[in-house]
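Each remark here refers to the structure printed beneath this line.
Reminder, nothing fancy here: chain letters follow the sequence lines and each chain counts from 1. Small disclaimer: the values here were computed from a predicted structure and weren't measured.
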Number of protein chains: 4
Amino acid sequence: MTIRFALLGAGRIGKVHARAITSNPTARLAAVADAMPKAADDIAAQYGCEVRTIDAIAGAADIDAVVICTPTDMHADLIEKFSNAGKAIFCEKPIDLSVQRVRDCLGVVAANKTLLMVGFNRRFDPHFMAVKAAIDNGEIGDVEMVTIVSRDPGPPPIDYVKRSGGIFRDMTIHDFDMARFLLREDIVTVSAQASVLVDKAIGAAGDYDSVSVMLATASGKHATISNSRRATYGYDQRIEAHGSFGSVAAENQRAVSIEIANAKGYTRPPLYDFFMTRYTQAYANEIAAFINAIGGKGPASPSGQDGLIALALADAAVTSVKEGRVVKVSEVLG
Amino acid sequence: MTIRFALLGAGRIGKVHARAITSNPTARLAAVADAMPKAADDIAAQYGCEVRTIDAIAGAADIDAVVICTPTDMHADLIEKFSNAGKAIFCEKPIDLSVQRVRDCLGVVAANKTLLMVGFNRRFDPHFMAVKAAIDNGEIGDVEMVTIVSRDPGPPPIDYVKRSGGIFRDMTIHDFDMARFLLREDIVTVSAQASVLVDKAIGAAGDYDSVSVMLATASGKHATISNSRRATYGYDQRIEAHGSFGSVAAENQRAVSIEIANAKGYTRPPLYDFFMTRYTQAYANEIAAFINAIGGKGPASPSGQDGLIALALADAAVTSVKEGRVVKVSEVLG
Amino acid sequence: MTIRFALLGAGRIGKVHARAITSNPTARLAAVADAMPKAADDIAAQYGCEVRTIDAIAGAADIDAVVICTPTDMHADLIEKFSNAGKAIFCEKPIDLSVQRVRDCLGVVAANKTLLMVGFNRRFDPHFMAVKAAIDNGEIGDVEMVTIVSRDPGPPPIDYVKRSGGIFRDMTIHDFDMARFLLREDIVTVSAQASVLVDKAIGAAGDYDSVSVMLATASGKHATISNSRRATYGYDQRIEAHGSFGSVAAENQRAVSIEIANAKGYTRPPLYDFFMTRYTQAYANEIAAFINAIGGKGPASPSGQDGLIALALADAAVTSVKEGRVVKVSEVLG
Amino acid sequence: MTIRFALLGAGRIGKVHARAITSNPTARLAAVADAMPKAADDIAAQYGCEVRTIDAIAGAADIDAVVICTPTDMHADLIEKFSNAGKAIFCEKPIDLSVQRVRDCLGVVAANKTLLMVGFNRRFDPHFMAVKAAIDNGEIGDVEMVTIVSRDPGPPPIDYVKRSGGIFRDMTIHDFDMARFLLREDIVTVSAQASVLVDKAIGAAGDYDSVSVMLATASGKHATISNSRRATYGYDQRIEAHGSFGSVAAENQRAVSIEIANAKGYTRPPLYDFFMTRYTQAYANEIAAFINAIGGKGPASPSGQDGLIALALADAAVTSVKEGRVVKVSEVLG
């Protein structure tokens with residue numbers, strides 16, 4: 001059986017998913033929609049699919065699944081619309097910037113028993129998958145402490161910052177999800193500190209560019225997260241899990257693995273400098289997992305609930321910084 | 001302009017090139033030929049091209065270029081046939097196992113002014129390309145000594161060994177080409193030693209599985225090559241160039257970059273265990289370079305002459321082992 | 001001029017300092033005192049110095065400097081005694097487990113203008129010194145975030161735990177000092193979380209074995225510290241400083257740098273498994289720095305004030321865990 | 001029992017051994033001799049030993065062992081003298097630059113049943129010892145191919161070059177010994193190539209600065225050696241052994257293990273730039289092994305025979321380069 005896809009949103013990340021869908025032998029990209037006709041036309045021309053409106057896609061009998069890559073503020077509405085239309089749904093993170101809105105949306109999804117998967121792409125990075133597999137295979141015993149360092153090569157445009165929901169909901173949210181994924185236990189408290197060290201304009205926009213977070217679970221496991229919007233040496237993405245038998249860590253990735261030695265020392269090239277090249281394989285694996293889930297060959301994971309909890313952790317971090325205190329996750333999630 | 005391709009030979013390496021061609025926006029796979037109908041049909045079904053005979057392809061007006069992936073003993077004949085037919089030609093290494101036959105074949109190519117490129121895929125590996133670029137950019141000064149370690153995960157089937165032309169013409173030939181590529185100067189002497197340490201059946205077939213080679217240029221530059229048909233830890237592919245200002249080395253590659261630490265130490269996974277996964281990107285780059293050459297945007301390199309010289313170095317190595325002496329390349333090439 | 005030393009305390013760390021003193025060409029070990037006659041006799045026999053009482057040393061004209069390696073609860077009294085006796089003093093950390101007692105003691109030191117240096121050995125580790133030098137040389141720009149992972153190979157004996165003052169004052173205190181050393185700015189807030197994951201007996205003794213800490217400075221710089229009393233792979237000691245131009249990190253150290261590759265992967269040996277072998281060079285450098293300070297060739301650093309502040313940060317961390325809140329350093333130091 | 005030592009030669013390497021002897025609890029440095037009174041006096045003053053003549057040492061009842069660190073042309077005579085005097089002898093490599101002279105000297109040693117150990121310090125480097133231990137423990141199966149890269153930071157003074165016996169007898173000799181040590185089988189053939197790429201003055205002095213060597217054993221095992229008198233990045237000392245189950249390699253060593261990441265990439269400092277700092281621990285281990293051998297607790301290894309064979313391999317390499325052919329070791333050793 002071939003899964004027939006429609007792509008909602010033909011921007012940067014939409015193109016990534018279009019390529020993943022069309023490269024997958026059990027999927028077919030049937031339609032694309034975008035508010036910008038040119039963007040939709042480009043995808044249609046490259047992959048031989050139809051340009052349609054969102055409504056037409058929702059009503060179409062020849063579409064099994066949609067991939068939502070629109071701006072964030074449309075996510076929840078589209079999830080509800082396509083849940084009601086009976087389509088399987090893959091939605092880029094976050095579902096919404098409001099915990100309550102996410103909850104309402106997931107209520108619709110649950111009522112319709114819609115298959116929904118949320119785009120935390122890092123869970124599908126081969127290196128992070130191998131870290132998870134090592135944990136699941138018991139190679140480090142009980143996980144005790146997870147350490148995540150995640151730094152962007154440079155700050156995003158201020159326009160993006162303003163509508164991003166803030167660094168915790170935009171950037172750290174990936175790390176919140178990864179911490180949960182690796183700890184395999186619910187987070188109960190969040191402590192965060194945040195400052196503006198990279199770009200004063202980010203502070204003027206009400207956001208931060210340098211944050212640290214500590215998380216704890218009920219059984220006393222820890223995670224620490226360190227984020228910066230600047231890393232001159234590329235896209236710094238490290239995770240490490242420490243357990244009772246040992247530790248496992250994923251190394252940073254670079255496009256070219258050479259080393260030059262001279263009188264100044266031994267030098268390797270900088271890291272990947274863009275999340276799309278760094279996570280190329282992760283995006284392909286992610287869509288493959290969604291297709292598997294539709295075919296009943298695997299879970300629809302990360303789920304809407306995973307999306308909700310990661311957002312709640314971000315909300316807790318925001319409160320922690322604002323009020324200078326440790327925040328219980330139950331304060332946000334009830 | 002789109003380059004219209006025919007694929008000659010739909011086996012393992014043919015499939016790799018089919019994917020590279022069809023992924024390239026300026027190329028189209030129009031036809032495929034193979035003595036095994038099933039193999040050709042599979043490629044045709046997957047990529048929507050026609051199955052044709054070799055003769056039909058040679059006579060077709062809608063084919064610009066061919067990619068020769070047949071067994072080695074057909075290479076030279078096919079090069080001549082398609083040179084005479086006016087097609088651009090990409091041929092897998094080696095052109096032939098006989099230096100004289102290669103020379104005759106290149107004579108036809110020259111007479112026809114055919115664009116011919118030979119498949120030394122390693123020149124297109126991103127890491128080795130970066131090594132070459134570092135040399136070309138003067139980052140290590142004058143290259144003085146090149147060190148190559150190249151080991152296969154395990155020995156090939158004995159049937160393959162028997163028709164391979166021997167380890168020097170089958171395996172070391174890549175390293176001969178790489179040594180020339182990095183030294184940027186002609187090799188004048190070859191010393192080799194060879195033994196059977198991995199599999200006695202290889203010795204019974206008249207071949208070796210463990211070889212060492214020293215090469216020298218007229219100006220006194222050196223290259224050393226170490227080959228084994230066995231490496232329990234994967235496909236070991238290291239090159240290093242040492243120069244007057246410093247050194248540059250390409251590191252081994254693995255699919256997954258994690259490290260597990262426990263009481264036994266720090267362990268990273270084995271290397272890629274198959275040349276096709278190790279050199280995936282190299283194969284794509286190689287076909288892209290061929291397409292560029294056809295479009296006049298780059299050289300047809302490595303050339304037929306490069307193929308000839310690498311084979312001559314292999315012949316010299318065979319003689320060096322047989323006669324226990326240093327062999328001048330001029331003894332082979334005149 | 002040769003500095004004449006007396007060693008107060010001939011236990012494990014005393015022996016380390018005895019070797020450092022006797023290896024230094026500008027120092028001489030003249031006397032040793034210990035409550036256990038055998039321990040003092042051993043040092044005396046090995047290095048040819050006299051066994052004396054503490055009082056005799058305090059009154060001796062032939063002693064210029066003392067190195068205090070006694071149990072912690074004697075440190076402050078000894079500092080005062082030898083400050084009053086006019087000797088230069090090197091004291092192992094901590095000066096005392098009570099901030100008030102440390103303050104009183106430092107009052108005596110100040111009144112006597114005694115040269116006092118406190119034993120935060122890690123500042124003298126060649127690798128950490130190189131990290132500091134890179135920062136001081138501007139190689140990473142302004143330091144923004146310091147990340148420290150520090151894990152012991154295994155938990156100490158419970159008897160030790162009981163009199164240690166707790167993990168923050170015993171183990172994390174080194175990391176507090178290192179964070180200050182690298183951030184080069186005062187810490188203003190401390191957030192900590194702590195749990196018992198390694199050994200329930202540690203919890204029964206009222207202490208923790210797994211802790212995470214976040215520190216912030218007035219200008220918004222961060223440090224995060226991750227500690228565990230267990231690391232199956234050896235003595236894990238990593239520091240990293242992230243700045244506006246780049247990052248600098250010290251790698252873990254092992255006695256033997258080999259790598260074995262086989263079908264299971266690439267394995268390097270575990271790390272040093274003992275702080276004394278890990279920090280051999282640091283201890284020698286530390287005593288050399290003390291000797292330099294006495295000779296007027298360098299600062300007496302880390303100072304008593306450094307010892308006081310590190311202890312205050314530990315106290316703040318204890319309060320942070322107990323009360324589940326962010327603690328201002330000013331709450332402790334006033 | 002304390003072994004009483006005399007040091008013959010108080011130059012650079014003599015000082016290294018003096019420190020090793022005096023640091024060893026079972027040894028005592030009793031006397032020193034040197035043609036330069038100042039050099040001997042310095043050692044005597046530092047370590048409290050007597051300055052004596054060589055004859056006085058030979059006739060002294062209070063000397064058990066001598067360490068020969070004189071210029072090479074005195075080694076064989078001194079070995080014979082002290083063999084006849086009944087002392088245990090440690091001699092720096094090489095015993096002599098003439099194979100025949102070495103043989104005669106070893107004849108005297110054998111007749112006197114003198115305990116003689118030759119200073120191939122690299123066998124005692126902790127990292128290389130660990131490589132050897134991995135082989136001896138069967139961790140890589142049967143050793144098949146040994147690869148050695150050994151490069152000096154820069155060329156020695158021309159005066160030194162002229163009396164060194166040439167690069168093969170001066171520098172490569174260490175690698176010849178290491179190859180034998182790791183292969184654990186006699187070398188039967190030597191092929192070498194050599195050139196002058198670093199410093200024309202070396203060529204004018206009749207020597208080479210860049211050499212490659214291939215060695216083979218009777219059973220078909222290989223070793224390759226790559227030497228250069230120049231490495232801008234420090235003292236490059238790598239060995240690797242490849243076997244039927246896997247490989248083991250020793251990594252290069254640096255004084256400071258930090259890594260700085262910035263827009264230009266990730267940079268680690270250069271390597272040690274001097275053999276004495278690189279091999280500090282090896283020199284100490286070497287003298288400890290000699291003391292153990294005297295005490296009957298271990299073999300006197302490397303032996304005089306090891307010194308002879310390494311020299312013979314150097315002679316074979318010289319002939320191989322001169323005559324452009326593969327040389328049998330039996331041509332040199334008979």
Side-chain angles (χ1 to χ4, degrees), chain C residues 19 22-23 25 42 45-48 124-135 137-141 143 182 237-272 277-278 280-282 285, chain D residues 19 22-25 42 45-48 125-135 137-141 143 182 237-272 277-278 280-282 285:
Chain C
R19 186 167 37 206
T22 55
S23 299
D42 282 356
Q46 185 167 3
Y47 297 108
F124 298 97
D125 175 68
H127 316 289
F128 297 168
M129 286 172 76
V131 166
K132 181 62 159 50
I135 294 170
N137 295 338
E139 295 187 51
I140 65 163
V143 175
L182 299 181
Q237 298 281 287
R238 286 173 281 163
I239 61 172
E240 174 178 325
H242 180 70
S244 49
F245 296 168
S247 287
V248 57
E251 298 170 359
N252 265 319
Q253 300 295 317
R254 43 173 60 81
V256 166
S257 298
I258 66 167
E259 191 164 41
I260 295 178
N262 60 31
K264 292 184 180 171
Y266 280 68
T267 301
R268 292 179 293 159
L271 308 177
Y272 281 109
T277 44
R278 168 64 183 82
T280 300
Q281 188 62 46
N285 292 346
Chain D
R19 185 168 37 205
T22 54
S23 299
N24 196 301
D42 282 356
Q46 183 168 3
Y47 296 109
D125 175 67
H127 316 289
F128 298 169
M129 286 171 77
V131 166
K132 181 61 159 49
I135 294 171
N137 295 339
E139 295 187 50
I140 65 163
V143 175
L182 298 181
Q237 298 280 287
R238 286 172 282 164
I239 62 172
E240 175 178 324
H242 180 69
S244 49
F245 295 168
S247 286
V248 57
E251 298 170 359
N252 265 318
Q253 300 295 318
R254 42 173 62 82
V256 166
S257 298
I258 65 167
E259 190 164 43
I260 295 178
N262 60 30
K264 292 184 180 171
Y266 280 67
T267 302
R268 293 179 293 160
L271 307 177
Y272 282 109
T277 43
R278 168 64 183 83
T280 300
Q281 188 62 47
N285 292 347

Notebook entry, point to check: Side chain, backbone, both or neither: which part of C:E240 has a heavy atom under 4.5 Å from chain D?
Noted result: neither

Notebook entry, point to check: What residues form a side-chain hydrogen bond (donor to acceptor under 3.5 Å, both in side chains) with D:E251, not counting sequence neighbours?
Noted result: none

Next item on the list: Side chain from CB out, backbone as N, CA, C, O: work out which of these in C:A255 comes under 4.5 Å of a heavy atom of chain D, or both, or neither.
Entry: backbone

Checklist line | Which residues share a side-chain hydrogen bond (donor to acceptor under 3.5 Å, both in side chains) with C:T22, sequence neighbours left out | finding: none

Next item on the list: Using a cut-off of under 4.5 Å on heavy-atom pairs, state which of D:A130, D:A241, D:P269 scores highest against chain C.
Entry: D:A130

Margin query: Among C:Q253, C:H242, C:Q281, which residue has the highest count of heavy-atom pairs closer than 4.5 Å to chain D?
Written below: C:Q253

Check: Where on D:Q46 is there a heavy atom nearer than 4.5 Å to chain C: the side chain, the backbone, both, or neither?
Finding: neither

Next item on the list: Sort out for me which of C:A261, C:S257, C:A250 touches chain D most, counting heavy-atom pairs under 4.5 Å.
Entry: C:S257

Check: With respect to chain C, which residue among D:N262, D:V256, D:I258 yields the maximal number of heavy-atom pairs within a distance under 4.5 Å?
Finding: D:I258

